[in-house]
Amino acid sequence: MNGARLAPVAFMTEQELIEQALEGDLDAFNTLVLQYQDLAYNVAYHIMDDPAAAADATQEAVISMYRKLDTYRGGSFKSWFLRIVTNACYDELRRINRRPSVPLQPENSEGELIDSAEWMEDNSPGPEQNASNEEIQQAIQSCLENLEEKFRIVLVLVDISGEDYASVAQIIHRPIGTVKSRLSRARQKMQSCLQGFGELLPEKFRLNDEEKS
Amino acid sequence: MKRQETLSQRDLELLNAYLDDALNEKERKQFEERLARSLPLQKKLKEYTQLKVALRELPKQPAPHNFTLSQEQARAYKPGPKLYPAFSYVALTAVLLLAIVFSSEFFFNQFSTPMATQMESPTMEAETFAVKSSDEKPEPLIFTWGYPGGLSEGAEGSGMGGGSSFTITSIDETDQEMGEEAGGGIETAVPVVEAPSFPPEEGVEGSGEAVTPTPEATPIPTEAEPPILSAIPESVTVEPLILGLQEDKAGQIISTYPQLSDQAEKAEPARMWRTLVSDKVKIGLAAMAALSGILALIFYTKR
C-alpha cells in the first residue's frame with residue numbers, strides 16, 4: 001500500500017503533502033521530512049556545534065512536527081519547521097547544560113591521555129576546501145560556539161540558512177526589530193572574535209594598524 | 001583635522017539591513033548616500049560582507065541519516081485526543097454563566113430597590129399618622145428611650161437618643177409639666193412600635209392591658225385606616241410593641257434594638273435563602289472555571 005502511494009506523493013506539491021500528512025498519510029509526512037531534513041540538521045549542527053546533539057535535536061523536531069502537524073496554519077512550512085527545530089535545539093541545549101557530559105579522554109597510539117581536545121579537529125583538507133578556507137571555517141566555528149544562543153541562532157538562520165528577517169522573526173517568535181538588533185550584535189561579536197585570531201586568518205579578515213586606530 | 005565618525009548601534013543595524021537587502025527603496029537610497037560619504041561605514045560594510053560570505057561558505061552538513069518515521073514510531077507518537085479545547089470550552093462556559101449570574105444579580109438589585117422602598121413606605125406613613133394622631137390626642141403615651149430611670153430624669157435625654165432599651169412609665173407618674181419635649185419623644189417612639197396592623201379602637205386610654213400589643217393604646221385615629229398598612233406581612237411580629245401602659249411594668253426593660261433587628265432578619269427569610277443558593281452556585285461556577293482553565297493550560301502545554 002505504501003508503495004502504491006509513493007509515486008503520487010513524489011509529485012505532490014508541498015501543500016498537498018501537508019494535507020495528505022494531516023489525513024494520516026505517513027508517506028506524505030516522510031516526504032516532507034526528506035525535503036527539509038538536511039536544512040534542519042545543518043541549522044541544528046551550527047547551533048549545537050555537536051553532530052550527535054544536532055541529530056538528536058533534528059529527530060526530536062521531526063517527532064514534534066508529526067505531533068503538531070494539525071497546528072500548522074498555513075504560511076511558510078519551512079519557517080514553521082525551522083521554528084520547531086530551533087525550539088528542539090533550545091531544549092537540547094538546556095538538557096545538555098543540566099547534565100554536562102564529560103568528554104571521552106582521548107589517548108594517543110601509546111595509550112597515554114592527550115591533554116588537549118584538539119584531537120577532535122579534523123585537519124585533513126576536504127576535496128572542496130583549501131587550507132585557507134579551513135582556517136577560516138575553524139575560526140568561524142569557534143567564534144560561533146562562543147556566541148550567546150540568541151545571537152547564534154539569528155546569525156545561523158540569516159547567514160547560513162539564508163532566511164530573511166521576517167522568516168527569522170517568525171521562527172524565533174520575536175519582532176523584526178529584535179532580529180535586526182540581535183543580528184547586528186552577533187556580527188559585531190563575530191567580527192571582534194575573528195580579529196582575535198590575528199595572523200591565523202587570511203588578510204581580508206585582519207585589520208591593519210591604521211584601520212585599528 | 002577631520003574628526004573620526006563613530007557608528008551607532010542604529011547605524012550598524014541599517015548597515016546590516018542594507019547588506020541583507022532588507023531596506024525598502026527609500027531607505028536604501030538614503031543609506032547609500034550616507035555610505036558614499038562615510039569611510040567607517042564603508043569599512044564596516046566590507047568587514048560584514050566578508051563575514052557573511054564566509055558564513056555562507058561554511059560546508060553544509062548533510063543529515064547523517066534519514067529522520068523519517070517508521071510505522072511503529074508513527075503509532076507510538078500518534079497525537080492523542082485534544083483535551084485542551086474541551087476544557088477550554090468548559091472554562092469559558094463557566095465564566096460566561098458566572099457573568100450571567102453576576103449581571104442578573106446586579107440588575108435584580110437595581111430594579112428591586114424601588115420595591116424595597118415601597119415596602120418601607122408604610123412604616124413612614126405610619127409615622128406620619130402617629131404624628132398626626134399625637135397632635136389630635138393631647139394625652140401622650142410616654143416612652144423613655146435609652147434610660148431605664150424615671151421619666152423625670154430621662155425626659156431630656158429621650159427622643160431618639162439611641163439607647164438600646166426603653167422604659168415604660170405610667171402616665172400617672174408622668175409629670176404633667178413635661179411639656180412638649182416629652183410629647184416629641186412619644187411621637188418619635190411611635191413608628192418603631194409599628195402598631196398599624198391592629199384596628200384602631202375608640203376610647204383607649206393609656207392604662208392598657210400589658211406590654212403585649214393591644215389595639216386599645218394605638219394612637220392612630222379611626223379614620224386613619226390606610227390600606228397600605230394592611231399590606232404589612234403577618235410575619236412581621238410586633239412583640240416589642242408597647243401599646244399600653246401598666247403601672248407594675250413601669251421602669252422595666254421590655255425590649256432592645258438587637259431583638260428588633262433579629263426579627264427584621266427573620267422577616268426576610270426568602271431573601272436570605274436566595275442569596276445562599278446563589279453563593280453556592282457562584283462558588284461552584286468559579287471553581288469549575290478555574291479547574292477547567294488549569295487543565296486546559298496543562299493539556300495545551302503538553303500537546
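Here is the naming used below: chain letters follow the sequence lines, and residue numbers restart at 1 for every chain.
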Working to the nearest 0.5 angstrom, can you tell me the gap between Leu183(A) CG and Tyr48(B) OH? 9.0 Å

If you look only at pairs with a residue in residues 145-157 of chain A, which of them pass as a salt bridge (charged side-chain N to carboxylate O under 4.0 Å, His left out), with sequence neighbours excluded? none

CG of Leu32(A) to OG1 of Thr68(B): how many Å apart, nearest 0.5 Å? 12.0 Å

Straight-line distance of Leu69(B) CG to Tyr66(A) OH, nearest 0.5 Å: 7.0 Å

State the CD-NZ distance between Glu13(B) and Lys180(A), to the nearest 0.5 angstrom. 7.5 Å

Quick one: of Val62(A), Thr58(A), Ile176(A), Leu34(A), who has the most non-hydrogen atom pairs under 4.5 Å with chain B? Thr58(A)

Counting heavy-atom pairs closer than 4.5 Å to chain B, which one of Gln188(A), Met190(A), Arg185(A), Gln141(A) comes out on top? Gln188(A)

Do the side chains of Leu58(B) and Ile160(A) get nearer than 4.5 Å, heavy atoms only? yes

Which heavy atom of Gly162(A) sits nearest to which heavy atom of Arg56(B), and what is that distance? CA-NH2, 3.9 Å

What are the two closest non-hydrogen atoms of Ala54(B) and Ile140(A), and how far apart are they? CB-CD1, 3.2 Å

Interchain contact, Leu39(B) with chain A, by part (heavy-atom threshold 4.5 Å): neither

Can you say whether Asp164(A) sits under 4.5 Å from chain B via the side chain, the backbone, both, or neither, judging by heavy atoms? neither

Do the non-hydrogen side-chain atoms of His65(B) and Gln59(A) ever get within less than 4.5 Å of each other? yes

What's the spacing between Asp27(A) CG and Gln71(B) CD if we round to 0.5 Å? 7.5 Å

If you measure from CG on Leu14(B) to OG on Ser184(A), what distance do you get to the nearest 0.5 Å? 9.5 Å

Just jot down the disulfide bond (SG atoms under 2.5 Å apart) partners of Cys143(A), sequence neighbours excluded, or say none. Cys193(A)

Which atoms of Leu155(A) approach chain B - backbone, side chain, both or neither, heavy atom under 4.5 Å: side chain

Residues of residues 37-46 of chain A contacting chain B, heavy-atom criterion under 4.5 Å, by residue number: Gln37(A), Asp38(A), Tyr41(A), Asn42(A), Tyr45(A), His46(A)

Side chains of Tyr165(A) and Asp21(B) in contact at under 4.5 Å (non-hydrogen atoms): no

Which members of residues 24-35 of chain B, sorted by number, sit under 4.5 angstrom from chain A on a heavy-atom basis? none

Would you call Arg187(A)-Asp20(B) a salt bridge at under 4.0 Å N-O? yes

